[in-house]
Structure formats: structure tokens, C-alpha cells
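What follows is a set of notes on a single structure, which appears directly below.
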There are 2 protein chains.
Amino acid sequence: MIRLTTQRQIILEELAKVKTHPTASELYDMVRKRLPRIGLGTVYRNLELMAENGMILKLEVGGTQKRFDATTEDHYHIRCSRCGRVDDIDIPVIDSLVESAAKSTDYQILGHHVEFTGICPDCQKKPKPGLQ
Amino acid sequence: MIRLTTQRQIILEELAKVKTHPTASELYDMVRKRLPRIGLGTVYRNLELMAENGMILKLEVGGTQKRFDATTEDHYHIRCSRCGRVDDIDIPVIDSLVESAAKSTDYQILGHHVEFTGICPDCQKKPKPGLQ
DNA sequence: TGAGATATGAGAATGATTATTTTATAGTAC
DNA sequence: GTACTATAAAATAATCATTCTCATATCTCA
Ligand SMILES: [Mn+2]
Ligand SMILES: [Mn+2]
Ligand SMILES: [Zn+2]
Ligand SMILES: [Zn+2]
């Protein structure tokens with residue numbers, strides 16, 4: 001198993017503190033408050049490594065940046081199409097989707113993810129952009 | 001409505017020809033056979049524009065590049081985790097998922113997408129990489 | 001037909017991520 | 001503890017996808 005260095009431990013702790021599904025650079029900023037000399041590359045390398053080892057989830061949601069999640073149980077997400085914020089959607093995971101899909105493809109299916117899109121509460125309050 | 005320039009028309013035609021969900025640069029290569037002087041920026045700009053106008057779908061699937069789809073009806077996808085190939089999954093779209101999710105969030109939900117992951121038939125035939 | 005609006009092509013710029021190189025730290029045998 | 005080896009970190013460079021800028025071209029319609 002992967003060695004738990006100070007850097008890895010703190011990255012993991014900071015990730016576990018939040019429900020915001022931070023990006024690598026957001027996490028970098030959080031971690032730097034405790035480890036000011038850590039490099040951005042270290043954050044990327046270890047997030048990747050921890051995701052490969054199943055310690056965290058790497059979310060390949062829409063938008064330009066990958067996001068990370070300390071909750072490794074299977075669950076769904078929603079992304080705000082205005083601001084990019086990502087939150088959990090707490091509905092039961094539908095395992096039968098995979099069985100259903102398996103019948104219609106020659107792929108060997110490994111899993112699935114549902115991503116909802118919408119407008120987050122904060123963005124609903126603000127006026128629509130681009131209308132002057 | 002958006003003006004149908006030669007470039008836009010040919011991008012659209014080339015996209016409609018394939019079921020492979022090409023990336024912008026794959027499409028650029030396809031289009032260049034008919035319009036050798038088209039710029040990559042033009043392809044990006046028009047794909048974006050056509051997606052905004054609902055003429056095509058921009059797929060924000062996992063992986064490093066966005067992919068495009070001339071089929072605008074709602075449907076699900078599967079992505080090969082080895083080679084990145086993306087195919088359609090022809091199972092009925094579950095509209096009740098959105099209703100279900102709406103009860104558990106304050107977001108105003110706009111839609112959802114399901115992305116399966118798996119190993120495509122081609123990659124199943126090849127030996128696993130990284131084992132020497 | 002020609003002024004204004006819109007689009008293109010070329011190339012530069014940006015931003016996220018990955019790779020490389022150098023340096024530091026940790027574990028281990030003596 | 002010292003020397004050796006492996007692993008990881010930090011700094012930095014490189015890569016790659018995408019977006020932006022701007023000069024030129026094309027279209028629209030009065
Ligand atoms: Mn989550
Ligand atoms: Mn499709
Ligand atoms: Zn928002
Ligand atoms: Zn494959």
C-alpha cells in the first residue's frame with residue numbers, strides 16, 4: 001500500500017474537510033496554509049495516486065478542471081452550469097442501469113456515473129448574466 | 001438563427017457522418033480534407049456555437065478532450081477507460097431521475113447525463129497494458 | 001453599391017496537467 | 001551512527017487543449 005507521507009495525509013485531511021469537490025488548485029491553496037512549501041505538482045501527483053488506490057474519487061465532470069472527492073462510496077453529482085459548483089445528489093445509486101446497459105453493448109462495463117446539471121441556489125438569486 | 005456558412009455546413013456534415021463522437025481536432029482533420037484552409041479556431045468556434053444553438057451536442061465526458069455528437073436526442077454514453085473511445089448506449093432515458101433528484105436538492109435541475117465506463121471490444125482483445 | 005455586421009484564418013496566449021530534473025527524506029544493512 | 005538504496009518532494013520545463021486577438025474577407029440589406 002501507498003506510504004502515507006505528511007503531504008499525502010494533509011491533502012487527504014483537507015479534502016475530507018469539505019463537501020465542495022475542490023479542484024487540484026483549490027486543494028493546493030487549502031493545503032498550502034498548513035504546508036506552505038508544498039508544490040502544485042505534488043498535489044496533482046498525489047491526488048492521482050490516491051485516486052488510483054481508491055482512497056479518493058477523481059470526478060471527471062463537465063468543465064475544464066477535474067475535481068476530487070473524499071467520499072468513495074458510489075454517488076451522483078450535480079453541477080451548476082453557471083458557476084461550475086458541484087454538489088452531491090443523495091438518491092439511491094441504480095445498479096440495474098449497468099445490467100440494462102450491458103445488454104445493449106459489447107463493452108465490458110465497469111461502472112457508471114450520473115451527472116445532473118442545473119442552477120445552484122446562489123446563482124438562482126443572481127440575475128442572469130449577459131442580458132445587460 | 002445562426003448563419004449557415006460553408007464552414008459550418010461542412011463541419012455539421014462531417015460530424016453527422018460518424019458515430020464516433022469525434023474531438024474538435026479529429027473533426028478538424030476530417031473537415032480539412034474538404035476545406036484545406038480552414039483554421040482549427042474556426043472549428044472550435046463553430047462547434048461551440050452550434051452546441052449553444054442546440055444543433056449538436058457537446059459531450060463533457062471524462063478524458064482530456066471534449067467530444068461532439070450530431071445526434072441531439074437525449075441519450076447515454078459509454079467511454080472506454082483504456083482508449084477513450086465513446087459509444088452510444090441505447091437504453092431508454094430515465095426522466096424520472098430528474099424528478100427524483102429535484103426532491104433532494106435546491107438546484108433548479110436542467111438535465112442529466114449518464115456516462116458508463118468500461119472496456120471496448122477492441123481493447124478487450126488486446127492484452128492489458130503495463131504488465132510487460 | 002457600400003456601410004456595418006459577422007465570420008474566417010493565422011497565430012499568440014492561456015490554463016490545466018504532466019514530465020523532467022534536482023534535492024530531500026526515509027528505511028535498512030552494516 | 002554511516003553508507004547505501006528507494007521513494008518522494010520541489011522546482012521547473014514541457015505539453016496539450018482550448019480560447020483569444022486581430023487583420024482580412026464575406027455577407028446583409030438599406
Ligand atoms: Mn461527492
Ligand atoms: Mn451519442
Ligand atoms: Zn452556481
Ligand atoms: Zn478501448
Side-chain angles (χ1 to χ4, degrees), chain A residues 1-15 21-53 55-68 79 81 83-84 86 129-130, chain B residues 1-15 20-53 55-68 79 81 83-86 129-130:
Chain A
M1 199 21 128
I2 163 181
R3 208 162 84 201
L4 205 50
T5 63
T6 308
Q7 285 83 348
R8 282 174 197 161
Q9 195 169 325
I10 292 181
I11 290 170
L12 205 50
E13 282 173 17
E14 291 301 311
L15 182 57
H21 310 89
T23 64
S25 72
E26 285 168 351
L27 218 26
Y28 174 55
D29 290 338
M30 294 156 67
V31 168
R32 252 194 312 184
K33 290 181 182 142
R34 295 174 60 188
L35 284 179
R37 297 193 42 75
I38 197 172
L40 177 58
T42 303
V43 174
Y44 269 105
R45 182 169 10 88
N46 287 321
L47 285 172
E48 188 63 40
L49 208 62
M50 292 191 283
E52 277 169 14
N53 283 64
M55 301 163 70
I56 64 173
L57 290 185
K58 175 159 88 166
L59 306 182
E60 311 212 48
V61 294
T64 53
Q65 287 161 281
K66 305 247 188 317
R67 293 176 170 273
F68 297 87
R79 185 171 56 91
S81 55
C83 69
V86 172
Chain B
M1 196 23 126
I2 163 181
R3 210 160 84 198
L4 205 50
T5 63
T6 309
Q7 286 84 347
R8 285 175 193 159
Q9 195 169 325
I10 292 182
I11 289 170
L12 206 50
E13 283 173 16
E14 291 302 311
L15 181 58
T20 56
H21 309 90
T23 63
S25 72
E26 284 167 351
L27 218 26
Y28 174 55
D29 290 338
M30 292 156 67
V31 168
R32 253 195 312 183
K33 290 180 183 142
R34 295 174 60 189
L35 283 180
R37 297 192 45 75
I38 197 173
L40 178 57
T42 302
V43 174
Y44 270 102
R45 183 168 3 93
N46 286 323
L47 286 171
E48 188 64 41
L49 207 63
M50 292 191 282
E52 276 170 14
N53 283 64
M55 302 163 68
I56 63 173
L57 290 184
K58 174 157 91 167
L59 305 182
E60 311 213 50
V61 294
T64 52
Q65 287 160 280
K66 306 246 189 316
R67 291 175 173 273
F68 298 87
R79 185 173 54 91
S81 56
C83 68
R85 175 177 153 187
V86 172

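Computed from heavy atoms alone, side chains included, the values below leave out hydrogens, waters and symmetry copies. Chain letters run A, B, ... following the sequence lines, proteins first, then strands; residues in each count from 1.
- The interatomic distance linking B:L59 (CG) with D:dT18 (P) rounds to 12 Å, in whole Å.
- Here the closest non-hydrogen pair linking A:I38 and A:Y28 is O-CE1, 3.5 Å.
- We find that CG of B:L40 is positioned 14 Å from P of D:dC20, with the value rounded to whole Å.
- As a whole-Å value, the separation of B:K66 NZ from D:dC16 C1' is 13 Å.
- Computed from coordinates, the A:E48 CD to D:dA9 C1' distance equals 17 Å when rounded to whole Å.
- For the pair A:T6 and A:A24, nearest-nucleotide mapping onto DNA chain C gives the more 5' position to A:A24.
- Whole-Å rounding puts the B:R67 CZ to D:dA17 C1' distance at 13 Å.
- Ranking C:dT6, D:dA17, D:dT19 by closeness to the B:R3 side chain, first place goes to C:dT6.
- Residue B:Y44 places no side-chain N or O under 4.0 Å from the OP1 or OP2 atom of D:dT19.
- Heavy-atom minimum distance, B:P22 versus B:L27: CG-CD1, 4.0 Å.
- Distances shorter than 4.0 Å separate some side-chain N or O of A:T5 from OP1 or OP2 on D:dA9.
- Side-chain atoms of A:R67 come within 3.5 Å of backbone N or O of A:H21 as a donor-acceptor pair.
- For A:E14 against A:M30, the heavy-atom pair with the smallest separation is O-CE, 3.4 Å.
- When all heavy atoms of A:E60 and B:R79 are compared, the pair lying nearest together is OE2-NH2, 3.7 Å.
- Among the atoms of the strands shown, base atoms are found under 4.0 Å from some heavy atom of B:T42.
- At whole-Å resolution of the value, CD in A:Q7 and C1' in C:dA24 are 10 Å apart.
- Side-chain N/O atoms of A:S25 include none lying less than 4.0 angstrom from OP1 or OP2 on C:dA16.
- Separating the CD atom of A:E52 from the P atom of C:dT17 is a distance of 15 Å, rounded to the nearest angstrom.
- Looking at which nucleotide of DNA chain D each of A:N46 and B:G41 is closest to, the 5′-most match is held by A:N46.
- For the pair A:M50 CE and D:dA8 P, the interatomic distance rounds to 12 Å; values are reported in whole Å.
- Both B:R45 and A:Q65 lie near DNA chain C, and the one whose nearest nucleotide falls closer to the 5' end is B:R45.
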